[in-house]
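The structure appears below as structure tokens.
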Amino acid sequence: MRITVSLIKADVGGLAGHVVVHPKLEELARKRLEEARETGLLIDFYVYHVGDDLQLLMTHTKGENNAEIHKLAWDIFVEVTEKVSKPLKLYGAGQDLLKDTFSGNIKGMGPGCAEMEFEERRSEPILVFSADKTEPGAWNYKLYRIFADPFNTAGLIIDPAMHSGFIFEVVDVYEHKSVKLSTPEESYDLLALIGTPGRYVVKRVYRKSDGEIAAVSSATRLSLIAGRYVGKDDPVLIIRAQHGFPATGEVLEAFAFPHLVAGWMRGSHTGPLMPVPLRYAQCTRFDGPPRVVGLGFQLHDGRLEGPVDLFDDPAFEMTRRMAEEVADYMRRHGPFMPHRLGPEEMEYTTLPSVLEKLKARFVPAEAE
Ligand code: 13P
Ligand code: 13P
Ligand code: MG
Ligand code: MG
Ligand code: MG
């Protein structure tokens, strides 16, 4: 049976600033998705949040980029904005809804979207990851570790189905172009690109031996749609695990190191990506630190069995502790780079208008 998994998310308003999604937003979204399940449009769904981003995980048989599915998600984001966020005056009501009218595909309209279609295997473990206060390029490091680094993923050495490696599809989000690179032989070329996560974003990963889809992320830049700072494109990621793909534990292993990502406080700072259980899926200190939640499901005929709250475990306590120490260390830099992002990333924030005012006061400098 061919199943499509669609994970579509948006920030449509935060409680007490950019901290967390209001429970009433999730309630109404659940109600609408339940109705869509009853009509048969959806097989199953799961609603959750990370920070101020509302997450709609859906399964169906309509394929990727389906207008009905995308419209369902768009209409829900609009309705919860109108019926909950605006009356309660939640912060940034409808923040990620950048367009007025739906035109067939939610991509390019503000919400983030990751979708994959595949033939459901005899057993199909699916892992979904959602992060807040960061950007889609945050997955680059994780995806490289999971699908290309044998020091992370033992299966690259041991499993014949994975031994020939994976193909990474990388998007240049400024030029709207993409390139496919094959690992392990083009690993260094891949790293030359994805080490710049603000520009080159891993969109999909395929298994080389048979071309099966292994992972897909949301890869958008809100500021490039809106032309100004409108928060970060807090990203999502779907990964298939086990039996010819990395084991669940190999996927999770990449999250044990809280690597530095862009997007903390005003989308303008670097901080560690902290893996947290759903109960800590809120952003507090300096509107962060950037957080990621991970949920594990087993699919059966498209139904979502689960979830397992993957980071709700003492095995990730040391990671969280390290993230706290790194957060503290980074914070002590205050407004200095590299805690604050570089000028090319600050271009879409409100900093240029501050600098503009100083322009007239510059005089020629004395000869050195
Ligand atoms: P089990 O014996 O617990 O199924 O372990 C399988 C495995 O190799 C996990 O990495
Ligand atoms: P969000 O994209 O999560 O709304 O982040 C806004 C922000 O910059 C908070 O400091
Ligand atoms: Mg927000
Ligand atoms: Mg957010
Ligand atoms: Mg955002």
Side-chain angles (χ1 to χ4, degrees), residues 8-22 25 49-55 77 81 85 90-98 109-113 123 125 127 130-138 146 152-159 161-162 198 218-226 228-236 241-253 261-271 273-274 276 281-293 296 298 308 310 315 327 330-331 335 339-341 345-346 348-351:
I8 305 185
K9 50 74 51 180
D11 177 348
V12 288
L15 184 55
H18 295 282
V19 178
V20 75
V21 167
H22 195 293
L25 289 170
H49 70 268
V50 60
D52 57 4
D53 289 272
L54 177 61
Q55 315 277 327
F77 292 140
T81 299
S85 302
L90 296 181
Y91 198 74
Q95 179 179 286
D96 288 352
L97 309 180
L98 303 179
M109 299 188 73
C113 175
S123 180
L127 313 177
S130 300
D132 191 29
K133 307 303 181 260
T134 184
E135 59 182 16
I146 295 164
N152 181 91
T153 299
L156 291 169
I157 307 292
I158 296 171
D159 184 343
M162 287 165 60
S218 55
T220 44
R221 288 277 306 217
L222 286 173
S223 56
L224 299 180
I225 302 170
R228 65 190 153 84
Y229 178 69
V230 279
K232 275 284 170 193
D233 319 67
D234 313 301
V236 294
Q242 302 290 153
H243 199 78
F245 293 117
T248 300
E250 290 171 335
V251 175
L252 296 180
E253 181 63 13
V261 297
W264 197 1
M265 182 49 83
R266 297 170 189 273
S268 307
H269 294 80
T270 298
L273 186 61
M274 184 192 242
V276 291
Q282 56 176 29
C283 289
T284 54
R285 182 178 180 186
F286 203 53
D287 282 359
R291 287 176 206 221
V292 54
V293 298
Q298 288 287 154
V308 188
L310 295 164
M330 295 303 287
R331 278 305 301 128
H339 182 32
R340 200 213 70 195
L341 300 183
E345 292 288 326
M346 297 302 289
Y348 295 95
T349 70
T350 43
L351 186 68

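FYI, side chains are in, hydrogens and waters are out, and symmetry mates aren't considered; it's all heavy atoms of this structure. Atoms within each ligand, like the ligands themselves, are counted from 1 in listed order.
With salt bridges taken as basic N to acidic carboxylate O contacts below 4.0 Å, one links Lys133 and Asp52.
In this structure, Gly267 counts as a contact residue of ligand 2, since one of its heavy atoms falls inside 4.0 Å of the ligand.
Ligand 2 places these atoms under 4.0 Å from at least one heavy atom of Asp11: 1 (P), 4 (O). Atoms of ligand 2 lying under 4.0 Å from at least one heavy atom of Gln95, given by number and element, are 1 (P), 2 (O), 4 (O). Less than 4.0 angstrom separates some heavy atom of Asp52 from each of these atoms of ligand 2: 1 (P), 3 (O), 4 (O). Numbered from 1 in the order shown, with element, the atoms of ligand 2 that lie under 4.0 Å from a heavy atom of Lys133 read 1 (P), 3 (O), 5 (O), 9 (C). Atoms of ligand 2 found under 4.0 Å from any heavy atom of Arg266 (numbered from 1 in listed order, with element): 7 (C), 8 (O), 9 (C), 10 (O). Atoms of ligand 2 lying under 4.0 Å from at least one heavy atom of Asp287, given by number and element, are 9 (C), 10 (O).
A donor-acceptor contact closer than 3.5 angstrom links the side chains of Asp11 and Gln95. No donor-acceptor contact under 3.5 angstrom links the side chains of Thr153 and Glu253, judged on distance only.
Closest to atom 2 (O) of ligand 2 among all protein heavy atoms lies Lys232 N, 2.9 Å. Atom 8 (O) of ligand 2 has its closest protein heavy atom at Tyr229 OH, 2.7 Å. Counting only heavy atoms of the protein, atom 10 (O) of ligand 1 lies nearest to Ala247 CB, 5.0 Å.
Interatomic distance, CG of Asp159 versus CD of Glu250, reported as 8.5 Å (0.5 Å rounding). Note that the CZ atom of Phe286 and the NE2 atom of His339 stand 4.5 Å from one another [nearest 0.5 Å]. Here the OG1-CG distance, from Thr270 to Leu341, works out to 4.5 Å after rounding to the nearest 0.5 Å. Expressed to the nearest 0.5 Å, how far CZ of Arg291 lies from SG of Cys283 amounts to 5.5 Å.
Of the possible donor and acceptor atoms, one in the side chain of Gln242 sits under 3.5 Å from a partner among the backbone N and O of Thr248.
By the neighbour-count criterion of 12 heavy atoms within 6.0 Å, atom CZ of Arg340 is densely surrounded, having more than that number from other residues, nucleotides or ligands. Summarising the local packing, OH of Tyr91 is surrounded by 12 or fewer heavy atoms from other residues, nucleotides or ligands at distances under 6.0 Å.
Closer than 2.8 Å to the Mg ion (ligand 5) sit the protein N, O or S atoms Lys232 O, Asp234 OD2.
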I would like to know whether Val236 and Gln55 meet side chain to side chain contact (heavy atoms under 4.5 Å, CB included); could you show each step before the answer?
CA-CA 9 Å; Val236 294; Gln55 315 277 327; 3.1 Å; yes
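Residue contacts with ligand 2 for His18 involve side-chain atoms from C-beta outward but no N, CA, C or O (heavy atoms, distance under 4.0 Å).
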